[in-house]
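Residue numbers run from 1 in the order of the sequence given.
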Amino acid sequence: MTAIERNQAGDMAEIRAAGRLDAEGSSALEGELNEAIRAGARRLRLVLTNVAFLSSAGIRTLLKGQQAVARLGGELRIEEASATVLEVLRLSGLDELLGTGGSKAASGAPSIEVVAGIPGRVHALGGSGMRGALVGEPERLPSGSFDAGSTSQLPFPTGSLGLGLGAFGESFEECRERFGEFLAVAGAAACLPTDAHEPDDVVARGALVPTVQALYGISCSGTFSRAFRFEADAAAGPVALSRLVAAALELASAGTAAFVVVAESAGLMGAALRRSPVGAGDLFAFPSVRESLSFTAERVHERATALVVGVAAADEGTGIASFVRPAGSTPFPAGPRARRRLHLPGAAGRHAVPGDGRAGALRGGAAPGAPPPPAGRPRADRVRREPLPRGDALGRPAPAHTPGRRRRVNLLIGSLTIGFILSVLALGVYVSYRIFDFADITTDGSLTLGAATAAVLLVRGTPPVLATLAGFAAAAVAGTVTGILATRFRIPGILSGILVMTALYSVNLRVMGKSNVPLLSVPSLVDVAERAGMRISGGAKSVFLIGWEVEVRDLATLGGAFLVAAAVAGLLLVFFRTNLGTAMRATGNNAQMIRALGVSTDRMTVAGLALANGLVGLSGALLAQYQGFADVQMGIGMVVWGLASVIIGEALVRSRLLGLALAGTILGCVLFRLLVALALRWGLDPNDLKLVTAAFVFAALVLPRLLERLPRRKEASRA
């Protein structure tokens, strides 16, 4: 956390910063500097006594601030600073916050070659190759059993590269809640901290060398032997990563190779940590994996410049086995691994692709069956194959934990949270199904429309509350269209819903621009709830609830979902007791009577369907923010879910009173979600989930009637 305080009088402004001036903190400092300049400040004084960390982002912010005020004839000066800040500025070689750049080394004359089926130009760089080291124990990642003895400080000067799991900081305790993926190359290192939305980066300058506190990783140093320049053939399409890895291994003439790729991306897919693995328990347990990882189901960052850093092996060696993932695999235990595949580091890139199956070795010497070096290439130009020694032994015992118990409480909290989020959808279905007696199939499309609208606006920087309300409004428009088709054009209600739902599939694709919009590092209502929970808990990351350790983030999200569901039910109860709400209820109850009183039943129906679908869209917007993505398929079958919640709720409360019916709908949705979670926990195939949902609805519809008939049959038999 970074605290910024500004005091300004006339053209004089003093700005005090405390905490970390990383990517997130620097953004806040830049905002204060800009506000001070806009308010007329020309003499800026910075007090950085309580700043514990200064990254390259922070240095850039200071430089931009000085340049901005200098253009106006003013000055920016650091009055006081911590030892850490002074050391970074000194090592950076900055004089009055100004620095100098470096130089580039020339490469040899290129030769035109086809490498791994890719035509391009090979530049001989004259380097002797890379030597690497394996650091840490990636086997601890699934259980999160890292401790203070698990970290190693990895420096990355100009002639090095590396990747793995780590963070910028001085100690394990300082980085405990920040550990995420990192990569480093050419004197620049970047970490993606799990407690922020922007990456941190440090660039080597002068005596300043980027240093990462690493849980595990691969570190390489030396000089590259080859540079390969290529262009994708427009007719053949993009060059796959598997071909680039094969090209690196072919150029290296070795079983392993370190490589760096700078190229225009045709789209990236992958996963990123959302929380530090330290003490996280079973990181990949369901449903807590949703809070541990963010996924991209569709390509992102198309036509962006991508920097790929990796170490590839043609086959797993003894030492590197735990540091890599088979090509095409996921980080989850998913059965036997496929044979004859390329292997890439699992720390930074888990989505490798199948290779050519060449055998190779990690340790020195040729592997059995390894292909001979290409003819005509001088032996001295080949990359040296060096052993990758493991770093210092990290033999401390893992802390005691109870993954099974934590898994159960995570399952319970996750199920309750989704239950309350979807209860807003169930309330919308209650409005259309029970109040208006309208079988509205639009629900399946309006849920996705609300999620898509909110996701697109969040990605574009819209505040989460406004984006969520926009999801409500967009879905309300869809409900209005259904109502108009049913009332003005006299199309049967169920057919009107089907028509709009079908059209919404294309509309949702247009809104998102693709079939999936990830919300990997986008601020959302979940972050708002987490900040509120942190304030209430006094900054604690986890609390004990009835003897169970629960993360504040999960508990705050659950509390936020409950408050939203309760607020929506309360507002509906108040609304349906107003004149307009009473007219709507009467329209569904007795249309002839309310029409005789001069009320337009068509208008009431359209307004009611707009309200119902707006609530469904609101639920979709909340669900997308909780899941971390919006997908065009996420609304399929949700109308059945809503009906099941309404019917189960009515069976629970056994009353048609409006207040009890709304409360029963929420309880029915939560109970239904718990039943589904238990079914999944007991081994239900997720592919059968929709079938089981339909069976639950069928049982909920039929069983009450059967139970009512039993006493009558007994009485009839006695008579």
Side-chain angles (χ1 to χ4, degrees), residues 1-104 156-158 167-170 184 186-193 196-212 305 307 461:
M1 296 295 291
T2 303
I4 309 292
E5 179 182 351
R6 174 164 59 95
N7 297 312
Q8 186 167 347
D11 68 339
M12 176 69 180
E14 180 182 88
I15 298 178
R16 293 178 175 270
R20 298 172 61 92
L21 287 182
D22 48 19
E24 191 171 26
S26 299
S27 178
L29 177 60
E30 183 177 0
E32 289 294 336
L33 289 172
N34 292 336
E35 285 295 326
I37 295 172
R38 278 195 289 267
R42 297 298 178 263
R43 291 180 295 161
L44 298 177
R45 302 292 181 261
L46 300 183
V47 179
L48 309 179
T49 310
N50 296 320
V51 173
F53 177 76
L54 177 64
S55 71
S56 294
I59 295 175
R60 285 195 297 270
T61 297
L62 297 177
L63 286 168
K64 288 170 65 177
Q66 187 203 45
Q67 293 167 359
V69 75
R71 285 194 293 267
L72 300 174
E75 65 173 358
L76 181 148
R77 181 172 298 175
I78 299 176
E79 291 288 339
E80 300 177 48
S82 64
T84 300
V85 173
L86 292 175
E87 182 68 5
V88 170
L89 294 176
R90 183 185 67 81
L91 292 176
S92 301
L94 298 175
D95 184 13
E96 294 294 330
L97 301 179
L98 295 176
T100 57
S103 58
K104 294 182 178 180
F156 291 104
T158 303
F168 292 124
E170 297 297 325
C191 296
L192 185 61
H197 300 291
E198 296 293 335
D200 294 336
D201 64 278
V202 177
V203 179
R205 190 185 297 273
L208 175 65
V209 176
T211 302
V212 176
T305 301
L307 172 66

I'd like to check the salt bridge (charged side-chain N to carboxylate O under 4.0 Å, His left out) partners of D200; sequence neighbours left out, ordered by chain and number.
R178

Count the heavy atoms belonging to other residues, nucleotides or ligands that lie under 6.0 Å from CD of E75, then report whether that count exceeds 12.
yes

Residue pairs involving residues 49-59 (criterion salt bridge (charged side-chain N to carboxylate O under 4.0 Å, His left out); sequence neighbours excluded):
none

Under 4.5 Å between any side-chain heavy atoms of F168 and V202, yes or no?
yes

Validation row: I59, V203 side chains within 4.5 angstrom (heavy atoms):
no

Tell me which pairs pass salt bridge (charged side-chain N to carboxylate O under 4.0 Å, His left out) where either residue lies in residues 50-66, with sequence neighbours left out.
E30-K64, R60-D201

Applying side chain to side chain contact (heavy atoms under 4.5 Å, CB included), can you list everything that pairs with A41, at least two apart in sequence or on another chain?
Q8, A13, A36, L44

Side chain to side chain donor-acceptor pair (under 3.5 Å) partners of E79, counting only residues at least two apart:
R45

Do the side chain of S55 and the main chain of L21 share a donor and acceptor less than 3.5 angstrom apart?
yes

Is any side-chain heavy atom of V69 less than 4.5 Å from a side-chain heavy atom of L33?
no

For A186, enumerate each residue passing the side chain to side chain contact (heavy atoms under 4.5 Å, CB included) test, keeping only those at least two apart in sequence or located in another chain.
none

Identify, with sequence neighbours excluded, every residue that meets side chain to side chain contact (heavy atoms under 4.5 Å, CB included) alongside N7.
E5, E14

Between V88 and L208, is there a side-chain heavy-atom distance shorter than 4.5 Å?
yes

Sole candidate of I78, I15, T84 that passes side chain to side chain contact (heavy atoms under 4.5 Å, CB included) when paired with L48:
I78

Would you please name every residue forming a side chain to side chain contact (heavy atoms under 4.5 Å, CB included) with R42, sequence neighbours left out?
D11, I37, L72

Taking S82 for the side chain and V51 for the main chain, is one N or O donor matched with an acceptor at less than 3.5 Å?
yes

Residues passing the salt bridge (charged side-chain N to carboxylate O under 4.0 Å, His left out) test with R71, sequence neighbours excluded, are none

Might you point out which heavy atoms bring P210 and A189 nearest each other, and give the distance in Å?
CB-CB, 3.7 Å

